[in-house]
Structures are given as C-alpha cells and as structure tokens.
Amino acid sequence: MELACPRFLPTTDGPGRSRSRAEMKRLQHELAEEAVFADDFEAPEALGTHSGPPVAGVDQAFRTGDSEAAVSAAVLVRGERVVERASAVREAGIPYIPGLLSFREGEAVLAALRALSGEPAVTLVDGSGRVHFREAGLATHVGVALDVPTVGVAKSLLCGQPRRSVEGLETGERVAIEADGDVTAPDGTVIGYAVQTRQFDSPNRHINPVYVSPGHRVSAATAADVVLGCTAGYKLPEPTRLADAAAADLR
DNA sequence: GCGACAG
DNA sequence: ATCTTGTCGC
C-alpha cells in the first residue's frame with residue numbers, strides 16, 4: 001500500500017510547532033469530507049476469509065518505558081492462510097484521548113500497512129471508522145491517507161445509539177448504530193452496526209457484539225458483511241485476531 | 001459544572 | 001492499551 005494523501009498524515013507535530021488539539025479535530029473534519037462511506041472497491045461480493053480476494057488486518061500493542069511506543073502488526077489473509085506479515089514501531093505521539101486515537105497510533109499503523117507488498121481488497125482496522133464524533137475514527141483516517149477500503153472493528157461503542165437492544169443477539173445478527181447528537185452526521189444516520197460474530201447457545205453466558213463501521217470506500221452494510229465473512233469461530237474476525245496475536249508477540 | 005468516551 | 005488468578009460454564 002502506498003501513501004495517497006500526505007496532508008492527512010496523523011502527525012502530532014506540524015510545520016515546526018506542535019499540532020494543537022483543535023488542529024487535530026479540524027483535520028478530522030477535512031478527513032470526513034474526503035471519506036467515502038459507500039462501496040467503492042472491486043468485488044464487494046465474495047468477501048471474507050473463506051474465499052475471494054485477500055483481506056488485511058492491523059492491530060497494536062504498546063511498549064512502555066520512558067516514552068511509549070506503538071507496535072503495529074499487519075497481516076494479509078487469504079482463505080485460511082496468512083500470506084504475509086509486516087510490522088512497524090513508532091513513538092506514540094500523544095496519550096490516549098477518546099476521539100483522537102489516530103494521532104496516537106496512526107503513524108505506526110500506516111507504516112505497517114505500507115510495509116505490506118500484497119494488495120488486500122479491504123483492510124480491517126481495530127477501532128472505529130465512521131462511529132466517531134467527527135466521523136473520522138482510526139479506520140477512516142488510515143483509509144483516507146492510503147485511499148484504500150477500510151473497515152473499523154471495535155470491541156466497545158465510542159458514540160452513536162443502537163437502534164434496539166444489543167443484548168443476547170444470535171450469531172450473525174446485526175443492529176444498526178445511528179448517529180445522535182454526539183455525532184456530526186444527521187440524527188438517525190446509520191453509521192455502523194453492532195455485529196454478533198459469535199454467541200453461546202444457552203442463556204447463562206453471553207458474548208458482546210463487535211461494533212463495525214465504515215472506514216473508507218465501504219458502506220455500513222458491506223462493512224458488517226465483510227466482518228461476518230471473515231469470522232471463523234471467534235469473536236474477532238480472523239484478520240483482526242491474527243494481527244492482535246502478532247502485535248502481542250512483537251511487544 | 002456534569003457527563004462520556006475506540007485503544 | 002495494560003496490570004493479573006482464579007473461576008464459572010460449556
């Protein structure tokens with residue numbers, strides 16, 4: 001993958017000085033304008049880890065010490081095989097701030113993805129995409145910077161409102177996440193889906209859904225389809241699960 | 001001021 | 001994200 005929009009790099013420092021929080025938010029508004037929350041890639045059908053084109057997954061771990069470093073691991077999966085792995089380590093620009101995650105981990109993610117020589121049809125990024133206050137979560141930031149299809153996969157909901165309860169959903173079920181007053185999109189806009197990738201049979205123990213949202217060049221419905229297509233018996237889709245394990249090892 | 005918040 | 005043992009349930 002190659003960098004497509006240098007102006008959207010999630011750098012913490014601007015020309016000479018340091019990027020302020022307001023400037024980071026401003027960049028996110030510009031990113032959202034550039035983002036395409038509709039299907040715009042080859043073969044949107046036949047997606048998934050079971051057949052069709054390769055899908056990439058990226059996830060991060062952190063090395064602590066005098067200064068924090070983000071370790072990003074990217075994996076390219078095709079069918080049931082990992083066909084390529086890449087990684088990168090970058091200084092964490094800022095501490096964790098809800099809504100500004102891409103400025104903390106983005107540099108490492110972009111470096112890891114750029115190190116992949118293969119071309120995935122779509123890339124699964126850990127975190128939110130359009131489910132974000134300014135519709136510019138990590139998945140959207142990365143997708144626009146590289147101008148590649150991306151999907152955000154988060155384990156918890158940053159903002160927005162589930163259309164109905166997400167408790168006890170069956171495997172394969174999904175509930176729309178709508179924009180509310182905390183999101184820039186018009187109220188009611190479907191910005192993502194709670195997707196139940198796995199669920200236990202009996203009523204005692206239950207698994208929470210993953211929150212899927214469009215990053216770039218993918219619609220909300222297709223994003224959910226891609227995640228279900230890449231699921232193989234675990235809560236997290238394979239590309240994400242494998243990247244998660246890889247990042248943990250590299251830590 | 002209060003609340004709320006991916007990784 | 002990370003710190004951490006056991007424990008409940010299938």
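The basis for the numbers below is simple: all heavy atoms, side chains too, and nothing from hydrogens, waters or symmetry mates. Chain letters run A, B, ... following the sequence lines, proteins first and then strands; every chain starts at 1.
Under 3.5 Å, the side chains of A:Ser219 and A:Asp39 contain a donor-acceptor pair of N or O atoms. Counting only N and O atoms by type, the side chains of A:Thr231 and A:Arg198 include no donor and acceptor under 3.5 Å apart. In the model, A:Glu135 has no side-chain atom that pairs as donor or acceptor with a side-chain atom of A:Thr140 under 3.5 Å. Remark: the A:Gln60 side chain and the A:Ser72 side chain contain an N/O donor-acceptor pair separated by less than 3.5 Å.
Protein atom CG of A:Asp249 is 12 Å distant from nucleotide atom P of C:dT2, rounded to whole Å. Nucleotide B:dA6 holds its P atom 13 Å from the CZ atom of A:Arg134, rounded to whole Å. What separates CZ of A:Phe103 from P of B:dC5 is a distance of 22 Å, to the nearest Å. What separates CG of A:Asp59 from P of C:dA1 is a distance of 6 Å, to the nearest Å. Between the CG atom of A:Asp180 and the P atom of B:dC5 there is a distance of 11 Å, rounded to whole Å. The nearest whole Å value for the distance from the CD atom in A:Gln161 to the C1' atom in B:dA4 is 12 Å. Between A:Leu157 atom CG and B:dG7 atom C1' the separation is 14 Å, expressed in whole Å. C:dC10 atom C1' lies 15 Å from atom NE2 of A:His206, rounded to whole Å.
Nearest nucleotide to the side chain of A:Glu105, out of B:dG7, B:dA6, B:dC5: B:dG7. Checking C:dG9, C:dT2, B:dA6 against the side-chain heavy atoms of A:Leu101 singles out B:dA6 as nearest. Distances from the side chain of A:Arg251 to the nucleotides C:dT2, B:dA6, B:dC5 place C:dT2 closest. Closest contact between the side chain of A:Leu158 and the listed nucleotides B:dG7, C:dG9, B:dA6 involves B:dA6. In the set C:dC8, B:dA6, B:dG7, the nucleotide with an atom closest to the side chain of A:Arg104 is B:dG7. Relative to the side chain of A:Phe62, the nucleotides B:dG7, C:dA1, B:dA6 differ in distance, and C:dA1 lies closest. In this structure, of B:dA6, C:dT2, B:dG7, it is B:dG7 that holds the atom nearest to the side chain of A:Lys155.
A cation-pi arrangement is absent between A:Arg217 and A:Phe41, since the terminal nitrogen or guanidinium carbon is not both under 6.0 Å from the aromatic centre and inside a 45° cone about the axis.
Here A:Ser156 lies in heavy-atom contact (under 4.0 Å) with sugar-phosphate atoms only. Using a 4.0 Å heavy-atom cutoff across all strands shown, A:Asp126 reaches sugar-phosphate atoms only and no base atom. Backbone-only contact: A:Ala61 has heavy atoms under 4.0 Å from sugar-phosphate atoms and none from a base. Within the nucleic acid shown, A:Arg63 has no heavy atom closer than 4.0 Å to any nucleic acid atom. Residue-level contact check: A:Tyr211 touches neither bases nor backbone, having no heavy atom under 4.0 Å from any strand.
Taking 4.0 angstrom as the limit, A:Tyr96 places a side-chain polar atom (N or O) nearer than this to OP1 or OP2 of B:dA6.
Aromatic pair A:Phe103/A:His141: ring centres closer than 6.0 Å.
Residue order along DNA chain C, read from the 5' end via each residue's closest nucleotide, puts A:Gln60 first among A:Gln60 and A:Phe200.
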